[in-house]
Protein chains: 2
Amino acid sequence: MVSPTRARILDAALELIQRHGFGGTTVTGIEELAGLSPGSGSFYRHFRSKEEVFRAVLERELERAQGYRDEFERGPVADPQEALTRRFLQQLDYMARVRPLINLLAREHGRFPDLTDRIGAALVDQGIIEEAAHLMRDLPSGPAHDDPRALLTVVVSALTGYHLLQGYFGRSPSDVAPDRFAAALAAVMAAPPA
Amino acid sequence: MVSPTRARILDAALELIQRHGFGGTTVTGIEELAGLSPGSGSFYRHFRSKEEVFRAVLERELERAQGYRDEFERGPVADPQEALTRRFLQQLDYMARVRPLINLLAREHGRFPDLTDRIGAALVDQGIIEEAAHLMRDLPSGPAHDDPRALLTVVVSALTGYHLLQGYFGRSPSDVAPDRFAAALAAVMAAPPA
DNA sequence: GTCTATAAAATGATAGAC
DNA sequence: GTCTATCATTTTATAGAC
C-alpha cells in the first residue's frame with residue numbers, strides 16, 4: 001500500500017512539470033499543490049530530491065500507458081476502410097490518455113536521455129508494431145504499397161502530428177475534427193497504390 | 001544597427017531555453033554563454049528581465065521563419081508524384097530550419113499564450129495555405145478526395161509528426177529516412193480515391 | 001558597455017518538536 | 001508523517017567604479 005500523500009505529490013509534480021517544465025517547477029510549489037505546507041520540506045519525507053520525484057512520475061505514467069494498451073476494443077470488421085477509421089480514432093484516444101507522457105517527453109527530452117529512450121520504445125516502437133498488425137488485419141491485402149514500413153511511418157507520423165498540433169494550439173490544424181481526420185487518413189490508406 | 005552583444009545574448013538565450021526551458025534557464029547562464037561575466041548583471045544593460053529576452057528571442061525567430069518561406073525553389077514539374085516528393089522534402093527541410101521556433105513552442109506553449117497564437121498562425125496556418133496551393137499545382141486534378149481540407153490536414157500532420165518524432169528520439173520512427181517517408185506520403189496523395 | 005560588489009528574494013534541503 | 005524554523009545556495013536585479 002502506498003502513502004496517499006506520496007500519490008498526491010506525484011500528481012502535483014506531474015501537473016507542474018507539464019506546465020512549467022522540470023527546471024521551472026519548485027519543491028515548494030509541489031508541496032503546496034499536494035496540500036502540504038509550502039516550504040515545509042515535508043516533501044523530503046517521501047522523495048530524496050526533485051530529480052527522484054521526476055523519475056517516479058515518469059515510471060508511473062509509463063506503467064499507466066502499458067495498461068491503456070490492452071483496453072482497445074475490437075469490433076467486428078465490416079468495411080475495411082471504416083474499420084481503419086475506427087482504429088485511428090482509438091489511436092488518437094490513446095494518445096490523449098498518454099498525453100502527460102508525451103508532454104513530459106516534449107519538455108524534458110535531452111535532460112534524462114535514459115528515460116527518453118524508454119518512452120520512445122514504449123510509445124513509438126510499440127505503437128508502430130501494433131499499428132502494423134492492425135493494418136494487416138483491417139486491410140485484407142495488407143498495406144498495398146511497395147514500401148510498407150514507410151507507409152506505416154506515414155500513419156504513425158500523421159496521428160502523432162495531429163495529436164501534438166492539437167495540443168499545442170488548442171485546436172486541430174485547419175479546424176478539422178478527429179473523425180474527419182481519421183476518415184481521410186483511412187481513405188488514403190485503403191486506396192490502391194498509384 | 002544592433003549591438004553585437006545583444007545578438008550574442010539572444011543566441012545564448014535561445015540555446016539555453018531550448019535545452020533547459022524558460023524556467024530552467026538563468027540570467028547568469030545566459031551571461032556566461034554570451035561571453036559576459038557570469039552573475040555580473042551586464043545582461044540588464046540590454047534587457048529588462050528574463051521574460052523580455054524570451055519575447056525578443058521569439059520575435060527574432062519568427063522574423064527568420066518568415067524569411068525562410070521565400071526561399072523554396074520551384075523546379076520544373078515532370079512527374080506529379082515526384083514533384084510532390086520533392087515538395088515534401090523541402091517542407092521537412094523548412095521545419096528543420098524553424099526547429100528552434102518549434103522547440104520553443106513545444107516547451108513553452110501555455111506560458112505565453114499570445115506568442116503561441118502568433119507562432120501557430122505563422123507556422124501552421126500559413127503552412128497549410130501554401131501546402132494547399134502546391135498540391136493544387138502538383139496534382140493537376142487537385143487533391144482527389146471528397147474532403148480536401150481533411151486531406152491537407154493529414155499531409156501537414158504527417159510532416160509535422162515525422163519531424164517532431166525525429167527531434168524527440170534522434171531518429172525517425174521505424175528508422176525510415178526522409179526520402180522514403182516523403183515518397184510514401186506522395187504515393188498515397190497521388191493515389192486515386194478509394 | 002562591462003566590471004565588482006552587493007542587496008533581496010526564491011529555492012533545495014535539513015534538524016528537531018509534536 | 002507533518003509542522004516550524006533554519007541554512008546554504010542560487011538567482012534576479014541594482015548601484016557605482018572604470
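Worth knowing before you read on, the calculation uses all heavy atoms, side chains too, and leaves out hydrogens, waters and symmetry mates.
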| request: Identify, with sequence neighbours excluded, every residue that meets salt bridge (charged side-chain N to carboxylate O under 4.0 Å, His left out) alongside B:Asp175. | output: none
| In whole angstrom, what separates A:Phe43's CZ from C:dG12's C1'? | 10 Å
| task | Enumerate the residues from residues 4-22 of chain B whose closest heavy atom to DNA chain D is under 4.0 Å, giving them by residue number; use none for an empty result. | result | none
| Does B:Tyr168 have any ring pair (Phe, Tyr, Trp, His ring centres under 6.0 Å) partners at least two apart in sequence or in another chain, and if so, which? | A:His109
| query | What's the CD-P distance between A:Glu31 and D:dG1, to the nearest Å? | reply | 15 Å
| said: Expressed as a whole number of angstroms, how long is the span from A:Phe54:CZ to C:dG12:C1'? | reply: 17 Å
| message | Just to verify, what does B:His46 make a side-chain contact (heavy atoms from CB on, under 4.5 Å) with, not counting sequence neighbours? | response | B:Ser3, B:Thr5, B:Arg6, B:Ile9
Using a cutoff of under 3.5 Å, can you pull out all pairs of nitrogen or oxygen atoms linking the protein to nucleotides 9-12 of chain D, with atom names and distances?
{"residue": "D:dT12", "atom": "OP1", "partner": "B:Lys50", "partner atom": "NZ", "Å": "3.2"}
{"residue": "D:dT12", "atom": "OP2", "partner": "B:Val27", "partner atom": "N", "Å": "2.7"}

| field | Close side-chain approach of A:Val27 and A:Tyr44, heavy atoms under 4.5 Å | value | yes
| said: For B:Phe88, give me all partners under ring pair (Phe, Tyr, Trp, His ring centres under 6.0 Å), at least two apart in sequence or on another chain. | reply: none
| task | Under the salt bridge (charged side-chain N to carboxylate O under 4.0 Å, His left out) rule, collect the residues that match up with A:Arg149, sequence neighbours excluded. | result | none
Distance-only criterion, 3.5 Å: show the donor-acceptor pairs between side-chain atoms of residues 30-37 of chain B and protein atoms not counting sequence neighbours.
{"residue": "B:Glu31", "atom": "OE1", "partner": "B:Gly39", "partner atom": "N", "Å": "2.9"}
{"residue": "B:Glu31", "atom": "OE1", "partner": "B:Ser40", "partner atom": "N", "Å": "3.4"}
{"residue": "B:Glu31", "atom": "OE2", "partner": "B:Gly41", "partner atom": "N", "Å": "2.8"}
{"residue": "B:Glu31", "atom": "OE2", "partner": "B:Ser42", "partner atom": "N", "Å": "3.0"}
{"residue": "B:Glu31", "atom": "OE2", "partner": "B:Phe43", "partner atom": "N", "Å": "3.0"}

| remark: Hits for salt bridge (charged side-chain N to carboxylate O under 4.0 Å, His left out) against A:Arg64, two or more places apart or cross-chain, chain-then-number order -> A:Glu61
Each nucleotide N or O in nucleotides 16-18 of chain C that has a protein N or O under 3.5 Å away: list the pair and distance.
{"residue": "C:dG16", "atom": "O6", "partner": "A:Arg45", "partner atom": "NH2", "Å": "2.9"}

| request: Quickly work out the A:His46 NE2 to D:dT2 C1' distance and round it to whole Å. | output: 8 Å
| request: Can you sort out the partners of A:Phe54 under ring pair (Phe, Tyr, Trp, His ring centres under 6.0 Å), two or more places apart, ordered by chain and number? | output: A:Phe22, A:Phe112
| message | I'd like to know if B:Asp147 and A:Arg180 make a salt bridge, using a cut-off of under 4.0 Å between side-chain N and carboxylate O. | response | yes
| message | If I take atom CD in residue A:Glu32 and atom C1' in nucleotide D:dC3, what distance separates them, rounded to the nearest angstrom? | response | 16 Å
| Partners meeting side chain to side chain donor-acceptor pair (under 3.5 Å) with B:Arg118 (sequence neighbours left out) | B:Glu59
| field | DNA chain D: 5'-proximal contact among B:Ser42 and A:Leu36 (nearest heavy atom) | value | A:Leu36
